[in-house]
Amino acid sequence: MNKVHELLASFKSRFGTGASFYRAPGRVNLIGEHTDYNDGYVLPAAIGFSCWVGIAPRDDRKLILFSENYSELREVGLDELGVHGSGHWADYPLGVAWALQEAGYRLRGANIYIAGEVPLGAGLSSSAAIEVSAGYALLSAANHTIDRTKLALLCQRAENEYVGARVGIMDQFVSCHGQAGHALLIDCRSLEYRTLRLPAKVSLVICNTMVKHKLQAGEYNVRRAECEEAVRKLSAAFPTIRSLRDVSLEQLAQDQSLLSETLYRRCRHVISENGRVRKVADLFEQGKTEKLRELMAASHQSLRDDYEVSCRELDAMVEIAGRQRGVYGARMTGGGFGGCTINFVDVEHATEFQRSVAAEYESAIGPRPDIYICDASQGAELVEASDESLPRVSR
Ligand code: GLA
């Protein structure tokens, strides 16, 4: 049985009908960390792990949600969503329902089956995957269509306001717009993007430190607030700046006295990271791998020392990766404080890399790490059920 068959069978045994299934992927960010909420540049790719959401409309206004991961059922009325979540897994789909209704999309009650395969708390954006797949499903069940960028923005709003994590737009955007075999260079101010083919000899290898991160834990929101404070202070010298995107390293050095030492380092990370994203994008455009190593190392160092979002396990994983054969670059990826590293590895060395990094990390740090050799994948989609014998719900 393929994945959709299995999911349809599970849906039917739980809810007694057929369903339409939607899929949205997690992501790995190649470079451009903590730049999205500063109107900067990012270079993520959608990955082969997705969240799958099956939906069948109901005649009342109830959402009945079942999570396969938590083996738990939740029932909430569409008119009783409130304005904040409660720290529960259902906050993500319910937050999206809330954001969609706030934006004027009238939704229908529905039975919903959620199966997430993006590792949770690994910094691979299981949250964007559930938001986007749920959003797509809820809209389709109520016969709405939506532009992908608008869906990404509403999912971001759900996470910012309903869930309470003040994330940028990167994860939801790439989960909506991802393209197989490509990374996306996104300008997070204009939301324009370009697809960039990954150099043919490069494999994307993701190494999971097995240390769970939790964005709601607060440090992420603290970093974001620090950037906003720095912009307010720097505006005294440059009244036209709207975000750190508008500040150069030269201007920052010139007006260092306006900032505390910590704020200065936060800004130096964001501004220098934007420069590195452009450089890596140029290299990809030319199909080159020279200099990737230095740029990835500089990004990791800057996140570790200036932005202070790395941890001992991430540093160890990057250091171990750097010693392997066929590595074009390694750094932490995502929000930080645990989670994963992203490694560019020569295709021919990827399996050997996977084996030796796992062994070295386990003996140095403790847990056996999960290491995934990934392909850049396609963004959100309706997954056609191939089993015609199951009744389809009319929509
Ligand atoms: C998390 C957020 C993103 C981005 C990254 C850091 O993944 O969801 O918006 O800020 O952290 O680059």
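Indexing begins at 1, ligand by ligand and atom by atom, following the structure's order. The structure presented is a predicted model; accordingly, all values stated were derived computationally and were not measured.
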Ligand 1 atoms in contact with D36 (distance to a heavy atom under 4.0 Å): 3 (C), 4 (C), 9 (O), 10 (O)

Regarding ligand 1, does Y37 bring an N or O atom to under 3.5 Å of one of the ligand's N or O atoms? no

Do the rings of Y70 and W89 sit parallel, tilted or perpendicular, given the 30° and 60° boundaries? parallel

Using distance alone, with no hydrogens and no angle criterion, decide if S272 and N274 have a side-chain donor and acceptor under 3.5 Å apart. no

May I ask you to list the atoms of ligand 1 that are less than 4.0 angstrom from any heavy atom of M170? 4 (C), 5 (C), 12 (O)

Applying ring pair (Phe, Tyr, Trp, His ring centres under 6.0 Å), can you list everything that pairs with Y193, at least two apart in sequence or on another chain? F173, H177

For R223 and ligand 1, answer yes if some heavy atom of the residue is under 4.0 Å from a ligand atom, otherwise no. no

Do any nitrogen or oxygen atoms of Y220 come within less than 3.5 Å of a nitrogen or oxygen of ligand 1? yes

Do the side-chain N and O atoms of R268 and Y307 include a donor-acceptor pair separated by under 3.5 angstrom? no

Checking side chain to side chain contact (heavy atoms under 4.5 Å, CB included) against Y41, which of T35, I186, V277 comes through? V277

Any N or O on D171 sitting closer than 3.5 Å to an N or O of ligand 1? yes

Under 3.5 Å: N/O of V167 near N/O of ligand 1: no

Listed partners of F238 passing ring pair (Phe, Tyr, Trp, His ring centres under 6.0 Å), at least two apart: none

Parallel, tilted or perpendicular: which one describes the rings of Y37 and H34, with boundaries at 30° and 60°? perpendicular

Which of the atoms in ligand 1, numbered in the order shown and given with their element, are less than 4.0 Å from a heavy-atom of G168? 9 (O)

Tell me which part of Q156 gets within contact of ligand 1: side chain, backbone, both or neither, using heavy atoms under 4.0 Å. neither

